[in-house]
Amino acid sequence: MRLRDVLGTGTLGLRARRTRTALSSVGIAIGIAAMVSVLGIAASSDAQLQADLDALGPDLLELSPSDSLTGDEVELPPASAAMIERIGPVRSAAAVSGVEATVRRSEFIPAGQTGGISVVAADGDVRGVLGITVADGKWLDAGTERLPNVLLGAVAAERLAVRSTVEAPQVYLSGVYFTVIGIADPVPLAPSIDRSAIIGEPIAEQLFGFERSPSRVFVRTGSHVPDDPELLDDVREIMAATVRPQAPAEVGVSRPSDLIAAREYTEAAFTGLLLGLGGVALLVGGVGIANVMVISVLERRAEIGLRRALGATRHHIAQQFLVESSLLAVLGGTGGVLIGSAITVFYARSQQWVIAVPTTALAGGIAAALAIGALAGIYPAIRASRTDPAQAVHPTV
């Protein structure tokens with residue numbers, strides 16, 4: 001038989017029973033859609049992560065005090081940032097220090113309801129080192145940092161219900177109302193900044209008895225360092241020893257981009273789980289196709305007998321039903337690929353991610369559907385080919 005004849009006979013049952021064809025392909029479509037959407041969303045998330053890391057730079061290090069061997073709290077020297085900047089590969093460094101104050105929306109809010117927001121005083125270089133952008137308002141400068149002004153991180157502003165600086169809203173910091181002059185955009189590599197209310201060091205000293213003791217020091221190394229892991233490790237060790245030479249083990253140095261990558265690996269485990277669920281749905285769809293094809297063989301015994309009587313061989317009959325089950329699965333797989341791609345695009349856009357649908361997922365979805373359809377059609381095809389022509393056309397059967 002020519003390919004045209006094979007496809008013609010293979011689609012005969014599909015064209016004659018369109019409702020059954022559509023319903024039978026739904027199971028395959030669900031499984032393929034689940035797998036394509038999971039892979040697409042994972043790929044989009046990874047693409048966005050790489051874009052964020054490329055934009056923010058992989059050369060950011062964060063230094064913070066750890067606990068001492070005796071359990072006492074470790075304090076970093078006030079000049080930690082300046083000390084670290086003396087290291088050759090270091091481009092710039094800036095520190096933030098905790099302030100003994102709480103922030104609330106107003107004095108009528110209970111003192112314990114701070115929403116986990118901390119008050120910090122920041123060096124003027126923090127914005128440049130972290131690449132912080134201001135969503136609304138402006139950053140603290142030499143003039144505004146001496147007055148009761150505050151800049152809120154993205155999370156802090158949300159928890160304090162401050163959405164704009166147009167009307168100069170105020171927040172309550174331990175007995176004093178501060179004017180919100182700016183709201184920062186999220187800082188993926190420094191989530192502690194997102195949950196902070198940032199004030200100037202001069203006003204912190206004046207109102208809260210502030211003494212500089214850095215709780216975080218953010219460091220930008222040279223652009224060549226990330227390409228050399230050994231050099232980056234050396235810089236980490238030197239930083240700790242530079243700030244606290246008597247006990248460098250009491251200083252922790254981390255690379256925020258590594259933490260984001262670790263979170264991505266954790267999410268990959270859930271991706272595998274969802275792929276497994278999609279595979280189960282695909283398997284169920286294959287079983288459904290096998291059942292439909294068996295029923296189709298029983299219903300079309302007269303057709304099979306007539307074809308055999310007209311000269312069709314067992315191979316031709318088996319080929320017809322195998323092609324039919326494969327086309328039925330491919331139909332569902334194509335629909336699943338389209339649905340999965342649409343889900344990926346919709347979700348990525350809702351999260352403002354880079355849209356990335358792997359071509360391997362699209363081709364793999366069709367291939368998986370074809371394989372499932374072929375496997376599901378083997379038994380019905382063999383059963384149909386073994387149908388006795390005389391019994392098949394007998395009027396009592």
Side-chain angles (χ1 to χ4, degrees), residues 3-4 6-51 264 267-293 295-296 319-378 380-381:
L3 178 61
R4 179 178 179 182
V6 172
L7 294 177
T9 56
T11 58
L12 181 62
L14 303 181
R15 289 181 280 115
R17 299 169 179 81
R18 296 182 180 180
T19 302
R20 179 187 294 181
T21 298
L23 294 177
S24 301
S25 63
V26 168
I28 295 292
I30 292 175
I32 295 298
M35 299 179 74
V36 170
S37 60
V38 167
L39 290 174
I41 290 174
S44 297
S45 176
D46 182 66
Q48 185 62 44
L49 172 65
Q50 294 302 321
E264 184 70 12
E267 293 175 352
F270 291 98
T271 300
L273 176 61
L274 294 175
L275 282 176
L277 295 177
V280 171
L282 188 60
L283 179 61
V284 172
V287 173
I289 287 180
N291 290 333
V292 168
M293 293 305 299
I295 295 173
S296 180
Q319 190 178 56
Q320 174 187 351
F321 283 89
L322 188 60
V323 169
E324 185 172 325
S325 64
S326 299
L327 291 177
L328 181 59
V330 169
L331 180 62
T334 303
V337 165
L338 295 176
I339 295 172
S341 300
I343 292 174
T344 299
V345 171
F346 175 79
Y347 188 82
R349 284 183 175 176
S350 67
Q351 299 296 317
Q352 297 182 344
W353 289 351
V354 175
I355 299 175
V357 182
T359 55
T360 53
L362 302 179
I366 301 295
L370 179 60
I372 289 293
L375 291 174
I378 290 177

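Just the heavy atoms: all of them, side chains too, but no hydrogens, waters or symmetry mates, feed the values below.
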If you round to the nearest 0.5 Å, how far is [atom2] of [Y] from [atom1] of [X]?
{"X": "Leu375", "Y": "Ser325", "atom1": "CG", "atom2": "OG", "answer": "9.0 Å"}
{"X": "Ile372", "Y": "Ile28", "atom1": "CD1", "atom2": "CD1", "answer": "6.0 Å"}
{"X": "Asn291", "Y": "Ser296", "atom1": "CG", "atom2": "OG", "answer": "12.5 Å"}

Could you go through residues 351-367 and list every donor-acceptor pair under 3.5 Å that involves a side-chain atom there, pairing it with any protein atom two or more places apart or in another chain?
none

Could you give the side-chain donor-acceptor pairs of residues 29-38 under 3.5 Å, partners two or more places apart or in another chain?
unit_1: Ser37; atom_1: OG; unit_2: Ala33; atom_2: O; d: 2.8
unit_1: Ser37; atom_1: OG; unit_2: Ala34; atom_2: O; d: 3.0

Please report, to 0.1 Å, the donor-acceptor pairs under 3.5 Å made by any side chain of residues 336-348, with sequence neighbours excluded.
unit_1: Ser341; atom_1: OG; unit_2: Val337; atom_2: O; d: 2.8
unit_1: Thr344; atom_1: OG1; unit_2: Gly340; atom_2: O; d: 3.0

Taking all non-hydrogen atoms of both residues into account, name the closest pair between Phe321 and Ala381 and its distance.
CB-CA, 3.9 Å
Gly286 versus Ala376, closest heavy-atom pair with distance
O-CB, 3.3 Å
Kindly list each side-chain donor-acceptor pair under 3.5 angstrom involving residues 326-334, sequence neighbours excluded, with atom names and distances?
unit_1: Ser326; atom_1: OG; unit_2: Leu322; atom_2: O; d: 2.9
unit_1: Thr334; atom_1: OG1; unit_2: Val330; atom_2: O; d: 2.8

